[in-house]
Amino acid sequence: MKNILIRYGELTLKGNNRNAFISKLIQNIKFKLKEYKEFIEYKKDHNSLVLEIKDESKLDNISNILQNIFGIYSLSIVEIVEKNEDVILAKTLEIAMNHSGTFKVEVERKDKGFSMGSQELKTKVAVNILKNNNNIKVNVHKPDLKLTIIIKHNGAFIFTSRINASKGLPVGVSGRGLSLLSGGIDSPVASYLTLKRGMVVDFLHFMTLPHTTPEALDKVFKLAGKIEKFNHSSFSLYVCDFSMILKELMHIKEESYRITIMRRIFIRIANEWAKIIGVQALITGESLGQVASQTIESINVINEVSQLPILRPVLTHDKEEIIEISKKIDTYETSILPFDDVCSMYVPKNPVTKPKSFVATKQEENLLLDEMIDYTIKNYIKTYIWKDGELIEKQ
Ligand code: ATP
Ligand code: MG
C-alpha cells in the first residue's frame, strides 16, 4: 500500500502553538480531501503526518490537492515496511530494479533502538543493488535516483522523491480578513499571499452597474473561485453596488481627487462591513508607486479613514513579480480579460499623486458621506457564500 508522508513547514518552529497549528492543518487537509475520505487513513506522527492511501489510482489527485494546502512543506510518496534488514533490502532492490543510470542511498535513523547503524545499512542496501542491477552505478553528487530510508519507531520509510508544497501556515491560524477584490491582477495575488500566512480571506467587490458589465462581475466570481483551493472551507464574497455613491462623486470639484476619495469611501465601507461580519483586517492589492494613486502620500491619506489595519502584501513587489505569482496560481488569464471595473471607468485625466488630507476632507464635506455609506451598506451589499464548488447568493 502507498502512503503519503506530509512534512509540516514552519509549524515545527511554533512552540506552544504547535498542537493547535497541527490540528488546524489536519482539519484543513481532511476538508480538502473529503471526496477521497473512504480511501484515506490518517496517521499522526510527531513531526509529520502519514496518509495511507487505500486506492493507488487516487494517489496523483490526492497529492495534487495536498500541494496547494498551506502549512505543508513537502510530500513524499513512501513505502512503509517492517524494520527488518531483509525486508528493507528486498524493497529497496525492487525499487532500484526499475532504474538505470546512477543512484545514491541515504539513511536516517530516527529510531535509535534499531539494531544497525545508518552507515552499515546504507552500505548493505547499495551493495545489494549493485550486485543485482548491472545498469546502475553509484554517484553521490548528482544521482538520477536518490533512495532515502528513514528508520522510525513505526517502520522503515522508503522514498525516492520530495515534492515541494505551498509552505506557509495553515489557513485559519491567523484570523480572518476582508480582501478588496477588483477584477485586476494584483488583488487576487494579495489575497493568495494573505492566505499563505494563515489568514482566512473573505472578499468585497465594488461594482457600478450599468457602467460596469455583468461580465466584469463574473470575472470577480471566477477569481474568487480560482483562489478557493487555497482558502478556508467556508468564505464569502460580498458585492457592493457603488452606483449611487459614484454618481455623487461626479460632483466633486477637485477632479484630480476623485480616485483618492473613492478609495477612502471603499475603505470606510469596508470598515463598517468588517464590523458587521467580524473580520480583523482589510487587504488590498496596492503596490508602492505602481500607479499615480499608489504613492506613499496616497496610502497615508487612505489609511487615515481606516480603523482596521490594511494589509498590502504586494506593496513591495514589482509588477513582473506579481504577474509571475498570478500565473502560478492561475488567476492571470482571468484577470487580463478586458472588462472595465469601477476605477478604470472613472479615472480622471490627471489624478493627484500626492494628495493632501485636508483637501480630501474638504471635498468630502460636500457629500452626505455617513448617510450614503449607511444606506449603501443596508441596501446595496449582496452576500455570496462558497458552497459545493460555487458562490451561492445568500437569501
Ligand atoms: P488590481 O490589479 O488589484 O485591480 P490595480 O493595480 O488595478 O490593482 P487599482 O485599480 O489602483 O490597482 O486598485 C488598488 C486596489 O484597490 C486593488 O488592488 C483592490 O484591492 C482595490 N480595488 C480597486 N478597485 C476595486 C473594486 N472595484 N472592488 C474592490 N476593490 C477594488
Ligand atoms: Mg484595478
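Keep in mind it's a predicted model, so treat the numbers as computed, not measured. Just follow the structure's listing: the first ligand is 1, and inside any ligand the first atom is 1. Quick note: residue numbers are just sequence positions, from 1.
With 3.5 Å as the limit, one finds a donor-acceptor pair spanning the side chains of Ser306 and Asn271. Counted by atom type alone, Ser63 and Lys2 present zero donor-acceptor pairs between their side chains at under 3.5 Å.
Listed by number with element, the atoms of ligand 1 under 4.0 Å from a non-hydrogen atom of Leu204 are 29 (C). The Gly285 neighbourhood of ligand 1 comprises atoms 17 (C), 18 (O), 20 (O), with distances under 4.0 Å to a heavy atom of that residue. Close contacts between ligand 1 and Thr284 involve ligand atoms 20 (O) [criterion: under 4.0 Å to a heavy atom].
Salt bridge status for Glu364 with Arg268: present, with a side-chain N to carboxylate O gap under 4.0 Å. With respect to the salt-bridge test (charged N to carboxylate O, under 4.0 angstrom), the residues Lys110 and Glu108 qualify.
Taking only nitrogen or oxygen atoms, main chain and side chain alike, Pro188 does not reach within less than 3.5 Å of ligand 1. Checked by distance only, ligand 1 and Phe206 come closer than 3.5 Å through their nitrogen or oxygen atoms. Considering backbone and side-chain atoms alike, Ile185 places an N or O below 3.5 Å from some N or O of ligand 1.
Looking at Gln294 and Arg312, their side chains never come closer than 4.5 Å, going by heavy atoms from C-beta outward.
A donor-acceptor pair is defined here as one N or O able to donate and one able to accept, closer than 3.5 Å; such a pair exists between the side chain of Ser287 and the backbone of His317.
With Glu286, Arg263, His205 as candidates, the residue nearest to atom 11 (O) of ligand 1 on a non-hydrogen basis is Arg263.
By the 4.0 Å heavy-atom criterion, Phe266 is counted among the residues contacting ligand 1. Using a non-hydrogen distance threshold of 4.0 Å, Val189 does not register as a contact of ligand 1.
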